[in-house]
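Some notes on the structure that comes next.
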Amino acid sequence: LTPQDSKRRFSATPTLSTNVDDAAYAVHNCADPPSDSYEGHRRWNNLSGVSPSSDLLTVASSRRFSSTPDVLADLRGADCCQDEEDDRRQVIQHRRRGGSIRSLFPHLDSRPDDTPSPSGTSAAAAAVSSELSPSAAGVKVAVRIRPLVERELQTLASAPAGSNSTVVSVSSDNPKTLLVHQPSTTNILSFCFDHCLDSTNPKSETYADQNSVYEKVGLPLLDKCLAGYNCCLFAYGMTSSGKTHTVMGAPVGDDRGLLPRFLQDLFQGKEIIEDQCEQLQVDISYYEIYNERIHDLLAASHDKSLRKVSLKVREHPTKGPFVEGLSVYSNVRTYADVMTWLALGNKQRATASTDVNQVSSRSHTVCTLGLKKLRIVDDENKQQQQQTATNTSSSASSVQLCISSRVNIVDLAGSERQSVAGTTGDRLREGSNINRSLLTLGKVISLLSERVANEAGVNSSAKKSNNQHIPYRESMLTWLLRDSLGGNSQTVMIATVSPAPQHIDETLSTLRYATKARSIVNLVRVNEDKSACMIRTLQAELERLRQKQLASSSGSEQSEAAVALAQDNARQALEISDLRDQLQACKRQAEELENWKLARLQAEAVKENCPAASSDTGSQTTPKLSATISTSPPVSAAVVNPAAPSTPLRHRQLSIVDGGCTASANLRRLSSTAAAGLSAVSANVSLANSSIGSFSPMLAPISPAAALEECL
Ligand SMILES: Nc1ncnc2c1ncn2[C@@H]1O[C@H](COP(=O)(O)OP(=O)(O)OP(=O)(O)O)[C@@H](O)[C@H]1O
């Protein structure tokens with residue numbers, strides 16, 4: 001960093017007493033975004049003056065330590081608080097704008113919550129087991145074409161007229177197809193990838209800036225790692241093709257690379273997750289593989305000898321290869337904190353100038369983020385746990401591990417030709433080591449893609465090469481990335497290429513590697529703690545039982561209603577039966593009336609045709625009634641009540657009406673002999689001042705003679 005640069009950049013803060021403050025300012029407060037990536041490079045390297053405090057050194061020796069605010073404050077000064085506030089404000093603003101958590105982080109939906117499905121435990125258990133069982137996930141490949149750089153433009157200026165300035169482009173027909181124009185043969189080769197990102201011309205509509213690269217490549221990985229999958233992103237390409245620009249870019253501003261953007265969103269997501277009774281614990285480690293040796297980039301020491309101590313790779317029986325003694329900063333709280341660690345690592349990584357790249361990475365760097373999603377168990381849940389797990393009641397913790405994942409972001413050193421890079425001495429040795437490890441990486445990729453082809457039955461020599469050994473341990477890089485290549489990881493390769501004709505061979509080589517990498521299939525699964533999984537299943541079971549109990553209690557309410565309804569029905573049935581009885585009675589009355597009419601018609605017929613005979617025969621068959629009306633003056637109307645002949649005669653009454661006066665007589669059966677003449681009076685008729693309104697309206701008033709006839 002030249003004094004002029006420094007003056008320009010830090011003009012806003014005239015008195016910065018320590019290098020630590022400079023570093024913090026460079027990371028967090030640079031108001032002037034870098035004009036190009038080289039500027040960005042320098043900005044990261046500006047942190048070379050960071051000299052961590054002795055406190056940090058003491059903690060660092062224990063290798064695993066927490067990323068406490070004091071430690072970070074030592075590294076970057078007090079300005080951090082402002083950045084934390086900014087992060088928080090961003091999230092709050094998003095919420096105020098009505099933005100939902102889900103819209104910002106769709107992955108929050110991808111995990112099944114604890115609410116059991118109606119079908120109960122079996123569904124919950126099935127969901128749990130399906131998450132834990134591995135599924136196939138192909139390695140995704142994105143290719144990014146960087147713009148021509150100054151050096152390439154100069155070379156082109158001296159090229160013969162009419163020659164192509166760029167030989168790599170994205171097909172206008174298919175955005176996933178990359179076209180390479182071979183200048184020597186005028187052939188056009190096409191390659192297919194998951195994303196083709198053209199960053200050659202900022203004025204083009206399809207220009208892929210840093211943000212669109214992040215959204216296409218980084219954001220899906222963020223979703224995956226928050227859902228509990230291990231993830232890996234590695235940038236691959238020749239030297240100076242734009243790997244570091246893509247992964248790191250500048251620490252601030254629009255030129256920020258994929259990793260800072262990823263971290264920013266991760267920490268925004270952390271805030272949101274923590275609003276939901278969950279915690280997201282983020283650990284960070286950062287190392288480089290330089291000349292096949294591993295250096296801890298976060299071994300924050302001013303002592304250079306300690307900083308460059310070579311660490312060893314060991315094999316954990318279940319977790320696989322790991323770097324022994326690597327510093328891991330646990331529980332990093334904010335984006336500002338994590339950027340401080342990243343800045344420290346970037347300024348410690350090995351870079352040097354070559355003929356093709358002024359700031360060429362001389363090592364592969366691996367930034368590893370360990371994520372742990374913890375659930376804060378409330379008292380109710382705790383009680384439930386105590387009930388289910390009787391022995392653990394005293395040790396029930398208030399925090400429960402749900403899922404964990406590991407993210408490796410790898411910025412590989414670029415392959416280089418000695419003749420082009422113009423390297424000698426240390427640079428040459430570095431270059432050959434870089435090439436050797438990249439060669440092993442290429443071999444591993446080739447063998448893995450062959451294995452996939454064999455399994456698919458594409459390769460004829462299937463049997464032979466299916467069991468072929470994959471030489472992961474031939475280089476540190478492939479050994480440490482074993483899980484990312486053919487293991488349990490959602491992996492993305494971002495291949496960077498230069499569009500310049502003079503790099504066409506390296507470009508084609510990169511694209512062929514990328515094509516092979518794209519055919520690798522990993523077996524991925526959610527890293528969920530088994531006990532958490534068990535607790536989740538038990539909670540689902542408990543909830544199912546609760547729901548069942550709730551349903552049965554609401555069932556008893558229903559049965560009460562059913563009883564009331566049944567009683568109602570019974571009441572109604574009784575009423576119906578009453579009505580039916582009444583109807584029957586009415587029908588019977590109607591029948592009696594019919595019968596009576598019939599009898600009357602018969603009597604009339606007998607009287608008209610043969611009165612003597614009829615009386616003889618009638619005396620034998622039908623008992624007759626007779627009455628002498630001895631009223632004076634003679635009555636004008638007579639009514640018999642009731643009219644039905646089936647009613648016993650003694651209950652029937654003859655009423656004789658005359659001008660409002662009623663005479664009534666009880667009818668008596670006469671003997672058959674007496675019945676022969678109507679003169680035999682047997683009815684006692686008395687007059688009374690009573691109304692006849694009580695008589696049935698069914699019987700119309702008729703003449704006294706007719707009334708008597710009816711009685712008979
Ligand atoms: N997309 C881009 N837009 C603008 N400039 C870019 C882009 N990609 C790369 N560059 C420029 O190209 C040069 C080389 O980029 P970078 O250092 O990222 O390459 P590299 O692949 O990491 O190289 P090495 O392997 O040597 O480290 C830098 O000056 C950088 O600014």
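Since we're looking at a predicted model, the values are computed, not measured.
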Can you list the steps and then say if L369 with L263 is a side chain to side chain contact (heavy atoms under 4.5 Å, CB included)? CA-CA 10 Å; L369 301 165; L263 291 170; 3.6 Å; yes

Just by modelled atom types, is the [Y] backbone N or O under 3.5 Å from a matching donor or acceptor in the [X] side chain?
X	Y	result
S199	R146	no
N230	S484	no
H364	A413	yes
N408	T368	no
N522	Q490	no
Y472	L485	yes
E292	M476	yes
N527	S404	yes
K243	A235	no

ring-ring contact (aromatic ring centres under 6.0 Å, His included) against F191, all qualifying residues, sequence neighbours excluded: none

Verdict with supporting geometry, Y236 and V410, side chain to side chain contact (heavy atoms under 4.5 Å, CB included): CA-CA 9 Å; Y236 179 94; V410 186; over 6 Å; no

Should [X] and [Y] count as side-chain neighbours, where that means a heavy-atom distance under 4.5 Å?
X	Y	answer
V213	I494	yes
S509	M238	no
P501	L156	yes
F234	V366	no
L477	L412	yes
R151	S240	yes
D254	N211	no
L448	I445	no

Would you mind telling me which of T510, T246, T496 makes a side chain to side chain donor-acceptor pair (under 3.5 Å) with S241?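 Option passing the side chain to side chain donor-acceptor pair (under 3.5 Å) with S241: T496.
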
Ignoring hydrogens and angles, state whether a donor on the side chain of [X] or [Y] is under 3.5 Å from an acceptor on the partner side chain.
X	Y	result
Y329	D337	no
T440	T478	no
K516	S446	yes
S327	D296	yes

Value rounded to 0.5 Å, distance of [atom1] in [X] from [atom2] in [Y]:
X	Y	atom1	atom2	result
R436	N291	CZ	CG	9.0 Å
S437	W479	OG	CH2	15.0 Å
L258	L221	CG	CG	8.0 Å
L189	T507	CG	OG1	11.5 Å
T515	R512	OG1	CZ	8.5 Å
R256	M248	CZ	CE	13.5 Å

Considering all heavy atoms of both residues, which atom of [X] and which atom of [Y] are nearest to each other, and what is their separation?
X	Y	result
A142	L197	CB-CD1, 4.2 Å
L511	F193	O-CZ, 3.8 Å
C231	S489	C-OG, 3.6 Å
H295	S310	CD2-CA, 4.3 Å
L259	L342	CD2-CD1, 3.6 Å
C225	L371	SG-CD1, 3.5 Å

State which residues pass side-chain contact (heavy atoms from CB on, under 4.5 Å) with [X]; sequence neighbours excluded, sorted by chain then number.
X	result
T365	Y286, E288, L297, R349, S363, D411
D173	S171
S190	T177, L179

Walk me through it: do I504 and Q182 pass the test side chain to side chain contact (heavy atoms under 4.5 Å, CB included)? CA-CA 8 Å; I504 187 147; Q182 280 188 304; 4.2 Å; yes

Just jot down the salt bridge (charged side-chain N to carboxylate O under 4.0 Å, His left out) partners of R144, sequence neighbours excluded, or say none.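 Salt bridge (charged side-chain N to carboxylate O under 4.0 Å, His left out) check on R144 returns nothing, list empty.
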
Using the test salt bridge (charged side-chain N to carboxylate O under 4.0 Å, His left out), find all partners of K312 that sit at least two apart in sequence or belong to another chain. none

Test log, rule side chain to side chain contact (heavy atoms under 4.5 Å, CB included), inputs L266 and V338: CA-CA 10 Å; L266 175 68; V338 81; over 6 Å; no

